[in-house]
2 protein chains.
Amino acid sequence: MNQTIVPNGGPKLRLVEAAEKLFAEKGFEAVSVRDITKEAGANVAAVNYHFGSRDGLVVAVMSRYLTPVNQERLAELDKAERNASGVPVLEEVLDAYVRPLVAHVGRSELSEKLYCKLVGRIFGEQGVEVPNDIQNQTRNLIERFTRAMGKALPNYTQEELIWRLHFIAGGLIHLLTHTDFLYRVAAPACGTPTVETTIERFIQFAADGLRSGLEAVEGEEEGEPKKKIPQATFNF
Amino acid sequence: MNQTIVPNGGPKLRLVEAAEKLFAEKGFEAVSVRDITKEAGANVAAVNYHFGSRDGLVVAVMSRYLTPVNQERLAELDKAERNASGVPVLEEVLDAYVRPLVAHVGRSELSEKLYCKLVGRIFGEQGVEVPNDIQNQTRNLIERFTRAMGKALPNYTQEELIWRLHFIAGGLIHLLTHTDFLYRVAAPACGTPTVETTIERFIQFAADGLRSGLEAVEGEEEGEPKKKIPQATFNF
DNA sequence: GTCTATAAAGTGATAGAC
DNA sequence: GTCTATCACTTTATAGAC
């Protein structure tokens, strides 16, 4: 069942797995071809032979996670929509968005923490130019999820839903990539919840943030604007 | 009034401003000393002369924003707490956390978009080792803000509040660094709201996410657990 | 498919002239 | 303080032997 996340065996796989480990630890830009081939016990020329270039290997690593995770997100969304009698449960929609990111953690050679870091880096990456295929995938994902969210929250505009999904995506990526920093800086006050507990917490937070914000945003022009700090009028 | 964000003039300032522009565009790791000195119209040796090393310049750029922004966050939090009769308004606490990040945008030589990218990268950075001073600053910031949030939301545990602040920090950093991607992939459905509108939206989202989530999290053991996808039992 | 050797360019840093 | 020249490496990538 697991082919999408594991290419054909042999040295090519060893290179991918070595690259994953190092990318997770140090980021995509801080790892050289030599680091990777050394970690994999392969020759320096192996990366260029098997993947054409360093960038080819980066794209291979990203694709190995991006596509299956997004497919599973859509599959879980389908389930949530079929379960529902017209109106899907918001928490189930969010579950379908969040959980596939960590669902395959046990199948990886990486430790749980490194797996999370890698997935976070992949979904949060901006430097590397990924194939158009991936961009279309993301476009479709946003479309599908905001539509499902819109059924659960019929008073929201499409625009509003996209921005709130954007906030959610950010919280999620940050969770995957920066939680070691939280432990380092806020321990022991933040406790040591399992990933499961943290995901439940996150979904609850996101669901509540989505559910009751509409009136306030629409009524914003009626209240007097807060003027504590000069307001920023440009666009992002 | 602006000294903290502008060091003494001359070539040192030109170097910092050139570095900021390039770091904002490409990230801290993707810019060489030669790129920076070329952009600044300075000699290749200038960075090492003025900052000791490339890392010294990186730390200088980060400190120039980190410290003033965090100071302003605390000052605004003080105001919000003084305004309140014991219980601060949650939205004002969040405002104090969010708005200082973009409050100084007009004072920078950078375009608004690049300014946001830079600030997002600075607050989202993980590779570069920042001085202990900064780590203590962050610790203090978490402590102060979760305490204020706790007054507005007296039923939450400290642990719960830390995690929710963590989610909020992530959404915010993502907003600063990845919104160009959102425009690229979701336009025109996401509209072109001003930063002001987006911040209002974000604060509303975060406030709602904070306000009504408690019962569900505490009652989680009573409901039957969702078993759609295998649960993850490890810690982050 | 795997190796060595090497090309060609880029890296941060510094000694020493001015 | 600013410059040139240069050191000592590291980088990706490839040609060609095996």
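Quick note: numbers below take in every heavy atom, side chains included, and nothing from hydrogens, waters or symmetry partners.
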Exercise for review: Check whether the ring centres of B/His174 and A/His174 lie less than 6.0 Å apart, and answer yes or no.
Suggested key: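 Distance test on ring centres: not under 6.0 Å, no.
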Value in whole Å for how far the [atom2] atom of [N] lies from [atom1] of [X]:
| X | N | atom1 | atom2 | answer |
| --- | --- | --- | --- | --- |
| B/Glu29 | C/dT11 | CD | C1' | 14 Å |
| B/Phe51 | C/dA13 | CZ | P | 13 Å |
| A/Ile36 | D/dT10 | CD1 | C1' | 15 Å |
| A/Phe28 | D/dT11 | CZ | C1' | 19 Å |
| B/Arg14 | D/dG1 | CZ | P | 13 Å |
| B/Arg54 | C/dG10 | CZ | P | 16 Å |

**Study point:** Short side-chain N/O contact to C/dG12 OP1/OP2 from B/Ser53, under 4.0 Å
**Key:**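 No, B/Ser53 has no side-chain N/O under 4.0 Å of OP1/OP2 on C/dG12.
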Review point. Does A/Ser32 make a side-chain N or O approach to OP1 or OP2 of D/dT10 shorter than 4.0 Å?
Key: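 Looking at the OP1 and OP2 atoms of D/dT10, neither is under 4.0 Å from any side-chain N or O of A/Ser32.
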Electrostatic pair [X]:[Y] at N-O distance under 4.0 angstrom:
| X | Y | result |
| --- | --- | --- |
| A/Arg201 | B/Glu159 | yes |
| A/Arg144 | A/Asp78 | yes |
| A/Glu125 | A/Arg121 | no |
| A/Glu72 | A/Lys79 | no |

Protein-nucleic acid N or O pairs under 3.5 Å, nucleotides 14-18 of chain C:
none

Review point. If you draw a 6.0 Å radius around CG in A/Asn132, do more than 12 non-hydrogen atoms from other residues or ligands fall strictly inside?
Key: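 Counting neighbours around CG of A/Asn132, 12 or fewer heavy atoms of other residues, nucleotides or ligands fall under 6.0 Å, so no.
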Practice item. Map B/His50 and A/Val31 onto DNA chain D by nearest heavy atom, then report which one ends up closer to the 5' terminus. Key: B/His50
Check your understanding: Is B/Arg34 side chain donor-acceptor paired with the C/dG10 base, going by distance under 3.5 Å alone?
Key -> no
